[in-house]
Amino acid sequence: MKNFLFALTMTALGAIGCTTNQTANQTTNLAQQSIQTVSYTTEYTQENTMITIKIGDTDFSAVLYDNDTTKELIKQFPITYTMSELHGNEKYYDMPIKLPTNSERPATINKGDIMLYGNDCIVVFYDTFENSYQYTKLGYIEDTTGLEEAVGKGNVDIHFELK
């Protein structure tokens with residue numbers, strides 16, 4: 001009988017020990033998954049920057065992406081560029097500074113896109129068209145209603161500022 005009680009006690013203690021270790025391991029794994037989720041969320045949900053673009057008497061609300069290029073560009077704000085006409089679909093300005101780039105070739109440029117050509121040419125597009133050039137994406141104008149009329153023909157002053 002003594003041997004039976006001893007074996008039963010040892011089995012019970014062994015089961016409790018395994019359960020405790022297993023529970024501890026599960027808790028550790030859940031904690032590690034939570035940390036990974038927090039890191040992933042922080043990395044991929046950075047907020048974009050809201051700006052105002054003023055063309056003549058019209059204000060346009062725009063979004064700048066969270067990237068190294070826009071972080072450097074924002075340091076210049078508030079600023080007004082006298083932007084030149086090109087191809088009947090864009091206004092551009094060759095900046096006196098060079099910005100970091102992450103160029104890609106978007107298949108389509110959309111009306112309201114704001115991009116960097118090369119490392120120093122800011123471009124505001126006022127028409128949608130297929131593209132064969134490389135740009136670094138900076139952001140976009142949220143509502144492009146009246147954009148083409150606001151930029152008009154020829155050179156135009158475009159003011160950029162943080163909201």
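For the numbers below, each heavy atom of this structure counts, side chains included, while hydrogens, waters and symmetry mates do not.
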**Study point:** Within residues 95-108 or reaching into it, pairs that qualify as salt bridge (Lys or Arg N to Asp or Glu O under 4.0 Å) - sequence neighbours excluded
**Key:** Lys98-Asp120, Glu104-Lys137
Revision key, fill the gap. Here the gap from Ile51 atom CD1 to Asp59 atom CG, rounded to the nearest 0.5 Å, amounts to 11.5 Å
Exercise for review: Would you mind reporting whether Thr70 and Thr49 have side-chain heavy atoms less than 4.5 Å apart?
Suggested key: no
Exercise for review: Give, for atom CD of Glu72 and atom CG of Asn67, the distance between the pair rounded to the nearest 0.5 Å.
Suggested key: 10.5 Å
Check your understanding: Under a single-linkage definition using a 4.5 Å side-chain heavy-atom cutoff for Ile, Leu, Val, Met, Phe, Trp and Tyr, are Leu116 and Ile74 assigned to the same hydrophobic cluster?
Key -> yes
Review point. Atom CG of Asn110 and atom CG of Asp113: how far apart are they, to the nearest 0.5 Å?
Key: 5.0 Å
Revision key, fill the gap. One should read off an interatomic distance between Ile122 CD1 and Tyr92 OH, to the nearest 0.5 angstrom, of 14.0 Å
Point to revise | Within one Ile-Leu-Val-Met-Phe-Trp-Tyr cluster: Met115 and Val63, side-chain cutoff 4.5 Å | key: no
Check your understanding: Does Phe60 have any ring-ring contact (aromatic ring centres under 6.0 Å, His included) partners at least two apart in sequence or in another chain, and if so, which?
Key -> none
Quiz: residues 123-132 side-chain donor-acceptor pairs under 3.5 angstrom, not counting sequence neighbours:
unit_1	atom_1	unit_2	atom_2	d
Tyr126	OH	Glu85	OE1	2.8
Tyr126	OH	Glu85	OE2	2.6
Tyr126	OH	Gly88	O	3.4
Tyr126	OH	Asn89	N	3.4
Thr128	OG1	Lys111	N	2.9
Asn131	OD1	Tyr133	N	2.9
Asn131	ND2	Pro106	O	2.8
Asn131	ND2	Tyr133	O	2.7

Study note, to complete from the structure: Closest heavy-atom pair, Glu142 versus Met50, reported as atoms and distance to 0.1 Å, is OE1-CE, 3.4 Å
Review point. Once you round to the nearest 0.5 Å, how far does CD1 of Ile97 lie from CG of Leu73?
Key: 7.0 Å
Exercise for review: Please check if Ile53 and Met95 belong to a single hydrophobic cluster, counting links between Ile, Leu, Val, Met, Phe, Trp and Tyr side chain heavy atoms closer than 4.5 Å.
Suggested key: yes
Review point. Just how far is it from atom CD1 of Ile141 to atom CD1 of Ile114, taken to the nearest 0.5 Å?
Key: 5.0 Å
Study note, to complete from the structure: Note: Lys71 and Lys75 closest approach over all heavy atoms is O-CG, 3.5 Å
Point to revise | CA sep, side-chain torsions, deciding dist, call: Glu90, Ile109, side chain to side chain contact (heavy atoms under 4.5 Å, CB included) | key: CA-CA 10 Å; Glu90 67 186 76; Ile109 301 286; over 6 Å; no
Exercise for review: Determine whether Asp66 and Asn48 make a side-chain contact, defined as any pair of heavy atoms from C-beta on separated by less than 4.5 Å.
Suggested key: yes
Practice item. Decide if atom OH of Tyr117 counts as having more than 12 heavy atoms of other residues, nucleotides or ligands within a radius under 6.0 Å. Key: no
Practice item. Report the residues that fulfil side-chain hydrogen bond (donor to acceptor under 3.5 Å, both in side chains) with Gln134, sequence neighbours left out, ordered by chain and then residue number. Key: none
Donor-acceptor pairs under 3.5 Å, side chain of residues 146-163 to any protein atom, not counting sequence neighbours: which ones?
unit_1	atom_1	unit_2	atom_2	d
Asp157	OD1	Thr82	OG1	2.6
His159	ND1	Ile79	O	3.4
His159	ND1	Thr80	OG1	2.6
His159	NE2	Glu161	OE1	2.8
Lys163	NZ	Ser61	OG	2.8

Point to revise | Contacts of type side-chain hydrogen bond (donor to acceptor under 3.5 Å, both in side chains), residue Asp143, not counting sequence neighbours | key: Thr145
Review point. Taking a hydrophobic cluster as the set of Ile, Leu, Val, Met, Phe, Trp and Tyr residues connected by side-chain heavy atoms closer than 4.5 Å, whether directly or through intermediates, do Leu64 and Ile55 fall within one such cluster?
Key: yes
Practice item. Output, in order, the C-alpha distance, side-chain angles, deciding distance and verdict of side chain to side chain contact (heavy atoms under 4.5 Å, CB included) for Asp68 and Asn102. Key: CA-CA 9 Å; Asp68 290 340; Asn102 186 13; over 6 Å; no
